[in-house]
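Structure first, commentary second.
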Amino acid sequence: MPLQRVLRPSPSTGSSKWAKVAEKSAKIPIDAEPPPRYDLSETKSRTVTGAMASVGMERALDVLTVRAKVLAGNLANASTPNFLRRDVPFHAVMRAMLSESMTGDEGQGVRILPVQVDFASPLRADGNNTSPERELAALTETALLYRTTLQLLAKDLSQLRAAITEGRRS
Amino acid sequence: MAVFQGLEVSASGMSAHRLWQEVVAVNIANAETTRTPSGEPFRRKLVVLMQDGLGVKVAAITDDPSPFRLVYDPSHPDADPNGYVRLPNVHPVLEMVDLMAATRGYELNAQAFSLQRQMLQQTLDLLR
């Protein structure tokens, strides 16, 4: 079961898991001042089927929504002096979330999304390092991923409906 | 509401950039104004943008402290004894550049708003 092994999280204690994810995924350090944090503890999956795919898709939608917010914040601050761009490392977060689901380890700690401050991108003269094209590209990517995931989820649900109605049109 | 927080973030960007556009309009309108309540010529106004949560806000509208333009025009009613008039420190070309920056900023935020609105709309469509 090579897939399982790859996805299994390294043994660690519950709440520090996200800090580890952030560390690993980050080439850039976490902000010194506490960055905005998002609590996903209430969005634990409640699908009827409990299917792993639905769980993953729901989580993906959560993360993408937060990422869209953060990127919109970058665009809103495109002219704010000394503003550093932020981002949510979607792939790293999803990998960590899914590995938890796969092993059935839901954890008791609060799910916090790491919002990373980008210290690496070059600064403009006004101390701002956002780039409108980049933010808009990332936001568009997020919106498209969101749409795709949503359509997959809808397909999943329609299959469930087909099973309930025994294949007849409801 | 957390669901619409992303829209609020983009809306804050839109309103901040609109206010910036308005301030530019004030500067252009007063480019030749030699009398204000303070007794001086009009001073160019600047917006100070500040981060506000995820969004942005206009923290202050301040005066540009740069010197006034001095123009020799003895016939002007506000000319000093040497015939020089102090005109506002507004340079129309700079204002137009600022206006473009503000407009582009507004458009960017409108685009971000629309993308997020689509995301919400698609989610709501799941209910159909």
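Numbers restart at 1 for each chain; the letters A, B, ... are given by sequence-line order, proteins then strands. The basis for the numbers below is simple: all heavy atoms, side chains too, and nothing from hydrogens, waters or symmetry mates.
Using a 4.5 Å cut-off between non-hydrogen atoms, no part of residues 71-82 of chain B approaches chain A.
Linking Ile, Leu, Val, Met, Phe, Trp and Tyr whenever their side-chain heavy atoms come within less than 4.5 Å leaves B:Met100 and B:Ile28 in two separate clusters. Linking Ile, Leu, Val, Met, Phe, Trp and Tyr whenever their side-chain heavy atoms come within less than 4.5 Å puts B:Val58 and B:Leu99 in one cluster. In the hydrophobic clustering of this structure, B:Val56 does not group with A:Phe83; members are Ile, Leu, Val, Met, Phe, Trp, Tyr whose side-chain heavy atoms approach within less than 4.5 Å, directly or through other members. A continuous path of Ile, Leu, Val, Met, Phe, Trp and Tyr side chains, each step under 4.5 Å between heavy atoms, connects A:Leu123 with A:Phe119, placing both in one hydrophobic cluster. In the hydrophobic clustering of ILVMFWY residues, with side-chain heavy atoms under 4.5 Å counting as a link, B:Val47 and B:Val26 come out apart.
Within the 4.5 angstrom heavy-atom criterion, atoms from both the backbone and the side chain of B:Met119 approach chain A. Residue B:Gln118: no heavy atom, backbone or side chain, is found under 4.5 Å from chain A.
A side-chain donor-acceptor contact under 3.5 Å links A:Asn77 to the backbone of B:Leu54.
The CD atom of B:Gln122 sits 10.5 Å away from atom OG1 of A:Thr149, with the distance rounded to the nearest 0.5 Å. To the nearest 0.5 Å, the span separating CG on A:Leu71 from OG on B:Ser10 amounts to 10.0 Å. The distance from the CD atom of B:Gln116 to the OH atom of A:Tyr146 is 10.5 Å, given to the nearest 0.5 Å. In this structure, CG in B:Leu115 is found 12.0 Å from CD in A:Glu141, a value given to the nearest 0.5 Å. How far CG of A:Leu75 is from CE of B:Met14: 12.0 Å, rounded to the nearest 0.5 Å.
Counting heavy-atom neighbours within 6.0 Å of B:Lys45 NZ, excluding the residue itself, gives a total above 12. For B:Phe68, the CZ atom sits in a packed shell: over 12 heavy atoms of surrounding residues, nucleotides or ligands are nearer than 6.0 Å. Within 6.0 Å of atom CZ in B:Arg69, more than 12 heavy atoms from other residues, nucleotides or ligands are found, so the atom counts as buried in its surroundings.
Between B:His17 and A:Ser79, the shortest heavy-atom distance links the atoms NE2-OG, 3.7 Å. For the residue pair B:Val9 and A:Ala72, the shortest heavy atom distance occurs at CG1-C, 3.5 Å. The shortest heavy-atom contact between A:Leu150 and B:Thr123 is CD2-N, 3.4 Å.
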Side-chain atoms of residues 105-114 of chain B: list all donor-acceptor pairs with protein atoms under 3.5 Å, sequence neighbours left out, distances to 0.1 Å.
from, atom 1, to, atom 2, distance (Å)
B:Glu107, OE1, B:Arg104, NH1, 3.3
B:Asn109, OD1, A:Ala76, N, 3.3
B:Asn109, ND2, B:Gly105, O, 2.9

